[in-house]
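Working notes, structure below.
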Number of protein chains: 2
Amino acid sequence: MSDLLERLRDRGWRLTAQRRVVAEVLNGEHVHLTADEVHARAGRLLPEISRATVYNTLGELVALGEVIEVTTDGRAKRYDPNARKAHHHLVCTRCLTIRDVPAGAGDGTLPEDDRFGFAISGVEITYRGLCPDCQSGA
Amino acid sequence: MSDLLERLRDRGWRLTAQRRVVAEVLNGEHVHLTADEVHARAGRLLPEISRATVYNTLGELVALGEVIEVTTDGRAKRYDPNARKAHHHLVCTRCLTIRDVPAGAGDGTLPEDDRFGFAISGVEITYRGLCPDCQSGA
DNA sequence: ACCCAGATTTAGACCTAGTCCAAATTCAGA
DNA sequence: TCTGAATTTGGACTAGGTCTAAATCTGGGT
């Protein structure tokens, strides 16, 4: 079902039931889940999956570049399966919803003079504000 | 010595020895300390200061807008006393050093079409790369 | 189809960062 | 100086995450 699983196999990943369900949970959702949320959802598909395995698997997916770790609030890290398209995040300051926003043309270009000699390899942008729901209703 | 303390007093802050040393630690350093680092340095000036007080005080400084909380790595939050000038961060992916970089003119303007109805109130940009030291030496 | 070495999973102990609480202390205005 | 409210304290507690050694699986070779 998922090209994610195919890519993983192509990279020589040993395919286990646990990894399958973790990948499946991430693949199906377009949200930004915490590790514990992934564990809970994976547990519905494979009841005996352990927390450690979920953490291991998420770490591997991140290392493989298939998933991105985002920390928008200093609390739990969230795992973003949308790693293949460059994008930034829009975070609601009230309900903490996160939306992906496609990267624009100018992003990531810091003027030479402001680089302090750093060799820049990436940029993360987090926009904060109120989402439509939180602007209107409660 | 510090205009920070003056601003705090003007805002009706009750001035205690503990708050004084926390403000002093932040004021003197241009680095991005964790709460525990602040606690350690404050403890050199006022040995009996408690961890809880350091956390309380940092929280108040953040609420007052005098200090900014940054989480560039999903580990401990860091406290940035440079809250008065808009700026972004340059983080070395190897040694984890953080440098402030002044905000540029175009920052924070997300095209209308990409806002998904959010009322944007702020933007944080984190550039990642290798600092000069890590590019050359080890 | 079966074996086996090495990869993977597991439970649970452990760790770090941070919060919370009720009691004790301290500040500052009258 | 007195006094009430604000602040501080230590220590228990929580969340999120890491680590370990033992048990279990996976898949290539035969």
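Note on naming: letters A, B, ... go to the chains in the order of the sequence lines (proteins, then strands), and numbering restarts at 1 for each one. Nothing here was measured: the structure is a model prediction, and the numbers come from that model.
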Roughly, in whole Å, what's the span from OH in A:Tyr55 to C1' in C:dT16? 13 Å
Value in whole Å for how far the C1' atom of D:dG11 lies from NE2 of B:His39: 13 Å
Of the listed D:dT9, D:dT7, C:dG18, the closest approach to the B:Arg19 side chain comes from D:dT7
Give the rounded distance in Å between these two atoms: CD of A:Glu37 and P of D:dA15. 14 Å
How far does the helix from C:dA1-D:dT30 to C:dA30-D:dT1 bend, going by the axes of its first and last five pairs, to the nearest 10°? 30°
Is a salt bridge present between A:Glu112 and A:Arg115, judged by a nitrogen-to-oxygen distance below 4.0 Å? yes
In whole angstrom, what separates A:Leu61's CG from C:dT8's C1'? 14 Å
Under a single-linkage definition using a 4.5 Å side-chain heavy-atom cutoff for Ile, Leu, Val, Met, Phe, Trp and Tyr, are B:Val91 and B:Leu33 assigned to the same hydrophobic cluster? no
Separation of A:Asp36 atom CG from D:dT14 atom P, in whole Å? 16 Å
Do the side chains of A:Arg78 and A:Glu69 get close enough for a salt bridge, i.e. N-O under 4.0 angstrom? no
I need the CG-C1' distance between B:Leu15 and D:dT8, as an integer number of Å. 15 Å
Could you tell me if the side chain of A:His88 sits less than 4.5 Å from the side chain of A:Glu124, heavy atoms only? no
So does A:Arg41 pair up with A:Glu24, basic N to acidic O under 4.0 Å? no
Nearest of D:dG10, D:dG17, C:dT8 to any side-chain atom of B:Glu48? D:dG10
Take the protein atom CZ of A:Arg75 and the nucleotide atom P of D:dG16, then report the distance between them rounded to whole Å. 5 Å
For A:Gln18 and for B:Thr34, locate the closest nucleotide of DNA chain C by heavy-atom distance; then report the residue assigned to the nucleotide nearer the 5' terminus. A:Gln18
Residues A:Asp36 and A:Arg51 bridged, charged N to O under 4.0 Å: yes
Assess whether one donor atom and one acceptor atom, taken from the side chain of A:Arg14 and the base of C:dT8, lie less than 3.5 Å apart. no
Establish whether the base of C:dG18 is bridged to the side chain of B:Arg51 by a donor-acceptor pair shorter than 3.5 Å. yes
Side chain of A:Thr16 - closest among C:dT8, D:dG17, D:dT9: C:dT8
Describe the nucleic acid contact of A:Ala52 in one word from base, sugar-phosphate, nothing, applying a heavy-atom distance below 4.0 Å. base
Figure out the CD/P separation between B:Glu69 and C:dA17, and round it to whole Å. 15 Å
Let's see if you can work this out: which of D:dT8, C:dG12, D:dC25 has an atom nearest to the side-chain heavy atoms of B:Thr57? D:dT8
Within this structure, what is the CD-CG distance for the pair A:Gln135 and A:Leu130, rounded to the nearest 0.5 Å? 5.5 Å
